[in-house]
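Structure record follows, encoded as structure tokens.
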Amino acid sequence: MTIRLYDTSARQIRDFTPLRAGCVSIYLCGATVQAAPHIGHIRSGLNFDIMRRWFTYRGYEVTFIRNVTDIDDKIIAKSADQGRPWWAIGYENERAFNDGYGVLGCLPPTYEPRATGHMTEMVEMMRTLIERGHAYESDGNVYFDVKSFPGYLQLSNQELENLLQPEGEGETGKRDPRDFAMWKSAKPGEPTWETPWGRGRPGWHLECSAMAHKYLGSAFDIHGGGLDLIFPHHENEIAQSKAYGDEFARYWVHNAWVTMAGDKMSKSLGNSVLVSEMVKQWRPIVLRYYLGTPHYRSMIEYSEEALREAESAFARIEGFVQRVVEKAGGVVEPSAEVPPAFAEAMDDDLGVPQALAIVHTTVRQGNSALAADDKEEAVARLAEVRAMLGVLGLDPLDPHWAGESDRGEDLHGVVDSLVRMVLDQREAARARRDWGTADGIRDQLNQSGLVIEDSPQGPRWSLGPR
């Protein structure tokens, strides 16, 4: 068994070999908490949650670090615009992100450090880099000298001569316009911390280098994040950390975006779809299916039609699970192992679409067993389906999703009572062999968005796809 991952730095799929046998260390660039999360943000968390689950299934002990960037140019700008403390904005949105991760079934990270809790580590890193000639102070700012690091831009595969480095306000005194800020000098109204070079605040890139070193040491296995972070963020992290003396990340894994009309979903473009609003319209488990089942390196073009297709696809899986549990008369535990074809797909760069095809094939086999009244075969297939769905975080019988299957918990009892009254009328029509009336009632319920299934225990209703 060998897990293989696409390594951005190598530009190819590589066999995964951990630094320590049986252990995997992952650092994921988490939220910059200037605003509440949209589904593009949460997609990254979902993709790496599935990665983590697969490593765990394969027997690895996983250390998963997902940071919080709680001080940043954008947060400070929001603070000024809203007339609110920067820390209040950060904390409010950090909670919104955690709610988003949680409602979609992401496992909590091993550690979730905040940037503002690691100023000591950042100062120490800058001091060492200045001593070694890789960084310099100017006008209270500290810059990284990109020419001092020969490996700069290897991740993004750019040429230094053609580089246009993003630059923030007040970044004065650079020796070279391509140098990037590690520390920014104090400005009126901004939060600051004391350093040997004066008061100021950290640059974005320095934060992650310091936190990765603190929690994972000088070398770790996998660094993850969205494609948009390759440059400048990840490129600058590499320069700082390796110049500091760290081996840093051995594999670089990047997830693709959620797009709208071909553009990356982002707050600045005004095309974001907030998670908090989406889960009011769609069941969270369906939203997880929609965001988590495409390959992590494939773009997702957002549309309600695609969400409805995901809802229908998951309903087929969920319906099978419910029918077998009903027939078995109790809970069916997941099998100890997933089918070999599922494992093969997941080992090959987390091939979730191919793995999901095995789930649907197994569901069809299970439905055939149900139609043949083969309880033992149906139960065996459900055990496999639950094992596979567990890896994907989509098992509807998992306690996390308990009570989530209906839309509008408060109305469920009322609707159930009303539907039962109508179904009783249908059953009475069937009893007197009035098939026309019975079929007419069923058709009316279907037109209302309800799916009626006749089971050995009597008719059962569920909400159909929209």
Side-chain angles (χ1 to χ4, degrees), residues 1 3 22 24 45-62 64 101-108 283-293 296 310-311 313-348 350-406 455 462:
M1 176 276 296
I3 295 176
V24 180
L46 279 173
N47 288 153
F48 285 92
D49 182 65
I50 292 171
M51 172 192 282
R52 175 191 187 173
R53 288 171 183 263
W54 184 243
F55 273 119
T56 300
Y57 172 83
R58 279 304 199 190
Y60 288 93
E61 180 183 338
V62 180
F64 182 63
Y101 292 130
V103 76
L104 296 187
C106 292
L107 300 172
R283 291 172 54 201
I285 198 169
V286 168
L287 191 55
R288 181 180 176 103
Y289 185 98
Y290 170 68
L291 293 172
T293 54
Y296 74 90
E311 183 180 49
F314 186 73
R316 291 193 292 272
I317 297 172
E318 193 172 36
F320 165 70
V321 173
Q322 293 170 345
R323 286 190 291 273
V324 179
V325 168
E326 196 172 83
K327 190 172 187 65
V331 176
V332 176
E333 295 297 330
S335 59
E337 296 185 0
V338 298
F342 181 94
E344 183 179 352
M346 292 297 291
D347 282 340
D348 188 12
L350 304 175
V352 173
Q354 295 77 15
L356 192 64
I358 307 304
V359 174
H360 283 286
T361 297
T362 309
V363 167
R364 286 194 293 271
Q365 293 169 347
N367 281 328
S368 296
L370 284 172
D373 201 26
D374 187 342
K375 175 181 172 181
E376 184 177 345
E377 177 69 11
V379 167
R381 298 291 76 76
L382 174 55
E384 291 179 341
V385 167
R386 286 202 66 194
M388 292 185 282
L389 293 178
V391 166
L392 302 176
L394 288 168
D395 180 2
L397 300 181
D398 186 283
H400 176 81
W401 304 112
E404 188 269 344
S405 59
D406 58 273
S455 73
S462 61

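Arg323 pairs by the side-chain hydrogen bond (donor to acceptor under 3.5 Å, both in side chains) definition with Asn367, Glu453, not counting sequence neighbours. Contacts of Tyr290 classified as ring pair (Phe, Tyr, Trp, His ring centres under 6.0 Å), with partners at least two apart in sequence or in another chain: none. Residues satisfying the side-chain hydrogen bond (donor to acceptor under 3.5 Å, both in side chains) test with Thr56, not counting sequence neighbours, are none. Asp49 meets the side-chain hydrogen bond (donor to acceptor under 3.5 Å, both in side chains) test with Arg53, Arg288; sequence neighbours excluded. Residues passing the ring pair (Phe, Tyr, Trp, His ring centres under 6.0 Å) test with Phe55, sequence neighbours excluded: Phe16, Tyr60. Judged as a side-chain hydrogen bond (donor to acceptor under 3.5 Å, both in side chains), and not counting sequence neighbours, the contacts of Glu377 are Arg381.
Distance check, rounded to the nearest 0.5 Å: CE of Met51 to CE of Met346 gives 9.5 Å. Between the CD atom of Gln322 and the NZ atom of Lys327 there is a distance of 16.0 Å, given to the nearest 0.5 Å. Rounded to the nearest 0.5 Å, atoms CD1 (Ile358) and CD (Gln354) are 9.0 Å apart. Here Leu389 contributes atom CG and Leu397 contributes atom CG; the two are 9.0 Å apart, rounded to the nearest 0.5 Å. Expressed to the nearest 0.5 Å, how far OG1 of Thr293 lies from CG of Leu394 amounts to 7.5 Å.
A 4.5 Å side-chain heavy-atom check between Tyr296 and Phe48 finds every atom pair outside the cut-off. Side-chain contact check for Val338 versus Tyr57: some heavy-atom pair is nearer than 4.5 Å. For the pair Val331/Val325, no side-chain contact is recorded, criterion being any heavy-atom separation below 4.5 Å from C-beta on. For the pair Asp395/His400, no side-chain contact is recorded, criterion being any heavy-atom separation below 4.5 Å from C-beta on. For the pair Arg386/Ser335, no side-chain contact is recorded, criterion being any heavy-atom separation below 4.5 Å from C-beta on. Counting only heavy atoms from C-beta outward, the side chains of Asp347 and Arg58 approach each other to under 4.5 Å. Residues Leu46 and Tyr101 are not in side-chain contact: their nearest non-hydrogen atoms beyond the backbone lie 4.5 Å or more apart. Contact check for Val391 versus Phe342: side-chain heavy atoms found under the 4.5 Å cut-off.
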Can Glu376 and Asp374 be said to form a side-chain contact (heavy atoms from CB on, under 4.5 Å), step by step?
CA-CA 6 Å; Glu376 184 177 345; Asp374 187 342; 4.0 Å; yes

Decide side-chain contact (heavy atoms from CB on, under 4.5 Å) for Leu370 and Phe320; before the verdict, give the C-alpha distance in whole Å, the side-chain angles of both, and the deciding distance to 0.1 Å.
CA-CA 9 Å; Leu370 284 172; Phe320 165 70; 4.1 Å; yes

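Among all heavy-atom pairs drawn from Pro334 and Ala387, the shortest one is CB-N, 3.8 Å. When all heavy atoms are compared, the tightest approach of Phe314 to Ile285 is CZ-CD1, 3.4 Å. Taking both residues in full, the closest heavy atoms of Pro396 and Trp401 are given as O-CB, 4.0 Å, listed atom of the first, atom of the second, then distance. Closest heavy-atom contact between Ala369 and Ala378: CB-N, 3.6 Å. Across every non-hydrogen atom of Ile50 and Gly292, the tightest pair is CD1-O, 3.4 Å.
Between Tyr289 and the choices Leu104, Leu392, Ile317, the side chain to side chain contact (heavy atoms under 4.5 Å, CB included) rule is met once, by Ile317.
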